[in-house]
Asker: 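Structure below; questions to follow.
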Amino acid sequence: MMALSERQPQSEKKAPRARPMSGKAVFVLCATSFFVGLLLSGRMTVLTPPASGSHGGSRIALFSDDDCEHMRKLEEESNPNDVMNEVTRTHQAIRSLDKSVSSLEMELAVERAKRNGGLGAAVPSKGLPKVFVVVGINTAFSSKKRRDSLRDTWVPRGDKLRQLEKEKGVVVRFVIGHSATPGGALDRAIDVEEAETRDFMRLDHVEGYHELSSKTRIYFAAAVATWDAAFYVKVDDDVHVNLGMLTNRLARYRTTPRVYVGCMKSGPVLSQKGVKYHEPESWKFGDEGNKYFRHATGQIYAISRDLASYISINQPILHRFANEDVSLGAWLIGLEVEHVDDRSLCCATPPDCEWKKQAGNVCAASFDWSCSGICKSVDRMRAIHSACGEGDGAVSNFAAA
């Protein structure tokens with residue numbers, strides 16, 4: 001083996017080295033390749049004759065006249081503001097597309113529900129009156145004076161109510177169910193009031209303070225089946241609202257899919273029996289002393305159409321907690337929803353909302369936190385409206401389109 005390994009190098013022959021190209025040959029080859037490439041791409045005019053009046057001989061044009069003109073225009077038109085405007089338009093188009101996809105997904109869910117026998121009410125959109133927002137004012141049989149205080153301030157009456165709906169796409173209705181004995185004195189009183197004002201939305205629901213979660217669920221299902229709106233608002237009948245400010249703030253999220261707007265809070269879970277807002281199912285929220293997840297306070301909030309449709313389709317299996325605002329938050333917490341914390345929806349009564357109005361920041365809604373609404377609202381609503389109201393022409397300036 002040693003002898004073989006010693007002889008092996010001797011049997012190898014060195015291959016002859018290739019003769020290197022001269023520098024001149026390399027230059028000629030590169031130049032030829034460059035000009036052939038230009039000719040094949042059609043971007044060059046060879047030996048272009050000189051223009052009349054010019055001096056010198058022939059020239060070689062590396063760019064065509066069209067290319068030069070295009071580059072000149074790009075330099076002239078390039079503007080940072082134009083770039084930002086284009087980015088903004090693109091962003092708006094993407095959000096609009098996302099909204100359309102969300103609507104298509106909801107329509108698909110409706111069709112699936114129909115095909116499988118359905119869960120809750122179907123959500124038709126074709127053929128329904130198309131509006132911007134439905135404002136449902138939660139009220140009770142005993143609250144006629146409250147309703148009248150709103151009609152005297154921020155809720156339009158008669159023809160003005162119909163005009164607001166027709167011209168601006170803003171629907172306002174008092175929302176109420178029926179008594180435990182349908183057709184009784186309480187229901188007949190509402191019939192008489194409705195014949196006079198024509199501003200009620202009647203629900204197939206038995207009224208009761210401890211049934212607010214059910215009423216909220218039924219309200220959204222009924223509203224989305226009656227009007228094709230971008231937003232659905234629930235507000236209590238002891239809250240002052242500036243409709244123009246409310247609609248303009250909601251319009252910011254017109255192209256946002258699955259949006260939930262309100263004053264977001266996270267209050268304590270009250271496990272002690274006998275206290276106001278007691279939560280019988282407090283154990284579901286963890287140990288004693290825990291807080292609820294973030295949700296909009298119950299005095300006023302808004303949800304987009306796709307979320308109202310979701311509630312309508314799934315209402316039989318949506319769990320109801322003791323507090324209506326917690327129930328709505330629970331229905332939405334596990335979804336891809338944009339929570340909007342809008343503090344304009346929870347201003348305090350004067351002097352707070354009055355100072356903000358004087359500073360040019362008109363509130364969308366005002367109430368007293370201590371009373372979960374306006375304290376003694378029947379007596380104070382007119383004064384609050386005078387101090388914090390936006391004026392009669394505010395809603396007329398809203399562009400519904």
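Numbers here are sequence positions counted from 1. Here the structure is a predicted model, which means the values were calculated and not measured.
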Asker: In plain terms, say whether Asp148 and Arg146 are close enough for a salt bridge, that is, a side-chain N and a carboxylate O under 4.0 Å apart.
Answerer: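 No salt bridge links Asp148 with Arg146.
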Asker: Going by side-chain contact (heavy atoms from CB on, under 4.5 Å), name the residues that satisfy it together with Pro351, two or more places apart in sequence or in a different chain.
Answerer: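 Pro351 satisfies side-chain contact (heavy atoms from CB on, under 4.5 Å) with Trp355 only.
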Asker: For Gln358, does the CD atom sit with more than 12 other heavy atoms under 6.0 Å from it, leaving out its own atoms?
Answerer: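 Yes.
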Asker: Do the side chains of Lys234 and Glu324 get close enough for a salt bridge, i.e. N-O under 4.0 angstrom?
Answerer: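 Here Lys234 pairs with Glu324 in a salt bridge, since their nearest N and O are under 4.0 Å apart.
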Asker: Is Cys347 close enough to Cys353 that their SG atoms are under 2.5 Å apart?
Answerer: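 Answer is no, sulfur atoms not closer than 2.5 Å.
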Asker: Passes side chain to side chain donor-acceptor pair (under 3.5 Å), His178 versus His205? Steps please.
Answerer: CA-CA 6 Å; His178 57 78; His205 164 76; over 6 Å; no
Asker: Can you list the steps and then say if Asp368 with Ser370 is a side chain to side chain donor-acceptor pair (under 3.5 Å)?
Answerer: CA-CA 5 Å; Asp368 298 309; Ser370 59; 5.6 Å; no
Asker: Tell me which donor-acceptor pairs under 3.5 Å the side chains of residues 133-142 have, and how far apart each pair is, sequence neighbours excluded?
Answerer:
residue, atom, partner, partner atom, Å
Asn138, OD1, Lys215, NZ, 2.7
Thr139, OG1, Arg147, NH1, 2.9
Thr139, OG1, Asp237, OD2, 2.9

Asker: Using the rule given for salt bridge (charged side-chain N to carboxylate O under 4.0 Å, His left out), can you reason through Glu165 versus Lys160, listing the C-alpha separation, both sets of side-chain angles and the distance that settles it, and then say yes or no?
Answerer: CA-CA 9 Å; Glu165 180 176 334; Lys160 289 185 178 180; over 6 Å; no
Asker: In sequence, state the C-alpha distance, the side-chain angles, and the governing distance for Glu279 and Tyr292, and then conclude on side chain to side chain donor-acceptor pair (under 3.5 Å).
Answerer: CA-CA 11 Å; Glu279 180 56 72; Tyr292 289 112; 3.0 Å; yes
Asker: Under 30°, 30 to 60°, or over 60°: which ring-plane class applies to Tyr260 and Tyr301, parallel, tilted or perpendicular?
Answerer: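 Judged by the thresholds at 30° and 60°, the geometry between Tyr260 and Tyr301 is perpendicular.
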Asker: I would like to know whether Arg157 and Thr197 meet side chain to side chain donor-acceptor pair (under 3.5 Å); could you show each step before the answer?
Answerer: CA-CA 7 Å; Arg157 290 177 179 263; Thr197 61; over 6 Å; no
Asker: Surrounding NZ of Lys291 (heavy atoms of other residues, nucleotides or ligands, distance under 6.0 Å), is the total greater than 12?
Answerer: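 No, the 6.0 Å shell around NZ holds no more than 12 heavy atoms from other groups.
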Asker: Suppose we call two aromatic rings close when their centres sit under 6.0 Å apart. Are Phe321 and Phe285 close by that rule?
Answerer: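 Between Phe285 and Phe321, which both carry aromatic rings, the centre distance is below 6.0 Å.
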Asker: So, are Asp341 and Lys265 salt-bridged, with charged N and O less than 4.0 Å apart?
Answerer: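 Between Lys265 and Asp341 there is no salt bridge, as every charged N stays at least 4.0 Å from the carboxylate O atoms.
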Asker: Checking Lys357 against Glu390 for the salt bridge (charged side-chain N to carboxylate O under 4.0 Å, His left out) test, could you report, in this order, the C-alpha distance in whole Å, the side-chain angles of both residues, the deciding distance, and whether it holds?
Answerer: CA-CA 8 Å; Lys357 176 184 175 181; Glu390 60 194 348; over 6 Å; no
